[in-house]
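One structure is given here, and the rest of the page talks about it.
These values consider heavy atoms only, across backbone and side chains, with no hydrogens, waters or symmetry-generated copies.
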Amino acid sequence: MQESLVVRRETHIPAPPSSVFALLTDPEKILRWMGTEAEIEPQPGGIYLVNVTGARFARGSFREVVPVHRLAYSFGWDGSEVVPPGSSLVEIDLVEQPDGTLLRLTHTGLPSTEQCDGHAEGWAHYLDRLVDVAAGRDPGPDSFAGKT
């Protein structure tokens, strides 16, 4: 795996790991910060399906679920030949800190620098919205709504 084809994001969230984990795995809570519909089965082999922008479904399956600490799931886009469903891997680690949670995200298996750049922009956008929701703030309308 080329290191240049890895998306890494780290962000501090002012909420305990249990709250952050719920925002990542409960379909109703996910929709507070990302997407218009979601089907999530947070168990190994369970489905990960989120209509992220209202116009594009991310699809994969859970590989690893360690409640309140770690998630790993395959990831890709319905209808995409470049990043098809399940073709990449998203790993999220939640590290408890005295003032909240450190979220570490690693996204591997993307095929090009262009795809890494696009996914890095998407993750930055949605993790900012996750921080807002976890802090009890309304993230407002999603500026990525309708994007394909």
Side-chain angles (χ1 to χ4, degrees), residues 1-13 15 17-95 101-135 137-148:
M1 161 179 46
Q2 291 179 274
E3 186 61 28
S4 62
L5 297 182
V6 176
V7 174
R8 294 184 196 283
R9 286 283 172 264
E10 204 169 271
T11 190
H12 178 267
I13 301 175
S18 59
S19 296
V20 177
F21 189 84
L23 286 166
L24 294 167
T25 58
D26 180 317
E28 290 181 19
K29 291 181 179 179
I30 286 172
L31 298 181
R32 293 182 193 167
W33 60 277
M34 178 178 68
T36 60
E37 55 188 305
E39 183 180 342
I40 305 290
E41 298 168 348
Q43 60 192 19
I47 191 169
Y48 176 89
L49 179 64
V50 178
N51 188 342
V52 175
T53 65
R56 195 161 191 215
F57 280 91
R59 180 185 300 270
S61 63
F62 285 92
R63 303 259 178 92
E64 186 178 359
V65 178
V66 180
V68 310
H69 297 293
R70 181 172 166 77
L71 293 170
Y73 53 89
S74 63
F75 180 96
W77 299 100
D78 276 357
S80 172
E81 293 182 14
V82 180
V83 184
S87 64
S88 65
L89 181 66
V90 175
E91 298 172 275
I92 299 172
D93 290 295
L94 304 175
V95 180
T101 302
L102 176 66
L103 181 147
R104 287 190 182 123
L105 178 139
T106 307
H107 191 162
T108 57
L110 294 166
S112 66
T113 300
E114 178 183 79
Q115 286 296 319
C116 283
D117 291 348
H119 284 83
E121 177 187 5
W123 282 120
H125 171 76
Y126 284 109
L127 290 177
D128 284 349
R129 292 176 60 82
L130 172 61
V131 169
D132 283 343
V133 169
R137 297 186 297 266
D138 180 350
D142 184 358
S143 62
F144 280 22
K147 276 190 170 185
T148 57

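Sorted by first and then second residue, the salt bridge (charged side-chain N to carboxylate O under 4.0 Å, His left out) pairs involving residues 106-124 (not counting sequence neighbours) form an empty list. Note on residues 37-49: no pairs pass salt bridge (charged side-chain N to carboxylate O under 4.0 Å, His left out), not counting sequence neighbours. The list of side chain to side chain donor-acceptor pair (under 3.5 Å) pairs with a residue in residues 17-27, not counting sequence neighbours, is empty. Listed by first and then second residue, the salt bridge (charged side-chain N to carboxylate O under 4.0 Å, His left out) pairs involving residues 138-148 amount to none (not counting sequence neighbours). For residues 72-90, the pairs satisfying salt bridge (charged side-chain N to carboxylate O under 4.0 Å, His left out) are R59-D78, with sequence neighbours left out.
For the residue pair V52 and A58, the shortest heavy atom distance occurs at CG2-CB, 3.9 Å. Nearest heavy atoms, A55 versus G146: CB-O, 3.7 Å. Of all heavy-atom pairs spanning V68 and P17, the tightest one is O-CB, 3.4 Å. The two residues S143 and H125 come nearest to each other via the heavy atoms OG-CE1, 3.3 Å.
The shortest side-chain heavy-atom distance between I47 and I40 does not fall under the 4.5 Å cut-off. L89 places none of its side-chain heavy atoms less than 4.5 Å from the side chain of H107. Using a 4.5 Å heavy-atom cutoff, the side chains of S88 and H119 are not in contact. L5 is not listed as a side-chain neighbour of Q115, based on a closest heavy-atom distance of 4.5 Å or more. Looking only at side-chain heavy atoms (C-beta outward), E10 and L103 stay at 4.5 Å or farther from each other. Residues D132 and W33 are not in side-chain contact: their nearest non-hydrogen atoms beyond the backbone lie 4.5 Å or more apart.
Of the listed residues (L24, I13, L71), just one forms a side chain to side chain contact (heavy atoms under 4.5 Å, CB included) with L94, and that residue is L24.
The side-chain contact (heavy atoms from CB on, under 4.5 Å) search around S80 returns W77, V82, V83, not counting sequence neighbours. Applying the ring-ring contact (aromatic ring centres under 6.0 Å, His included) rule to H12 yields no partners; only residues at least two apart in sequence or on another chain are considered. Under the ring-ring contact (aromatic ring centres under 6.0 Å, His included) criterion, F57 pairs with no residue, sequence neighbours left out. Judged as a side-chain contact (heavy atoms from CB on, under 4.5 Å), and not counting sequence neighbours, D128 has no contacts. With sequence neighbours excluded, the residues forming a salt bridge (Lys or Arg N to Asp or Glu O under 4.0 Å) with R70 are E64, E91, D93, listed by chain and number. In this view, Y73 and Y48, F62 satisfy the ring-ring contact (aromatic ring centres under 6.0 Å, His included) rule, not counting sequence neighbours. Taking the side-chain contact (heavy atoms from CB on, under 4.5 Å) definition, one finds that A124 meets it with R9, sequence neighbours left out.
Taking CZ of F21 as the reference point, atom CD1 of I92 lies at 9.5 Å (rounded to 0.5 Å). Atoms NE2 and OG1, from H69 and T101 in turn, are 10.5 Å apart once rounded to the nearest 0.5 Å.
Formation of a donor-acceptor pair under 3.5 Å by the S74 side chain with backbone atoms of S61 is found in this model. Proximity of a side-chain donor or acceptor of R129 to a complementary backbone N or O of G140 within less than 3.5 Å is detected. Looking only at distances, no side-chain donor or acceptor of W123 sits under 3.5 Å from a matching main-chain atom of L105.
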Go through it in stages, so that I can follow the logic: the residues are T106 and V7, the test is side-chain contact (heavy atoms from CB on, under 4.5 Å), and I'd like the CA-CA distance, side-chain angles, deciding distance and then a yes or no.
CA-CA 6 Å; T106 307; V7 174; over 6 Å; no
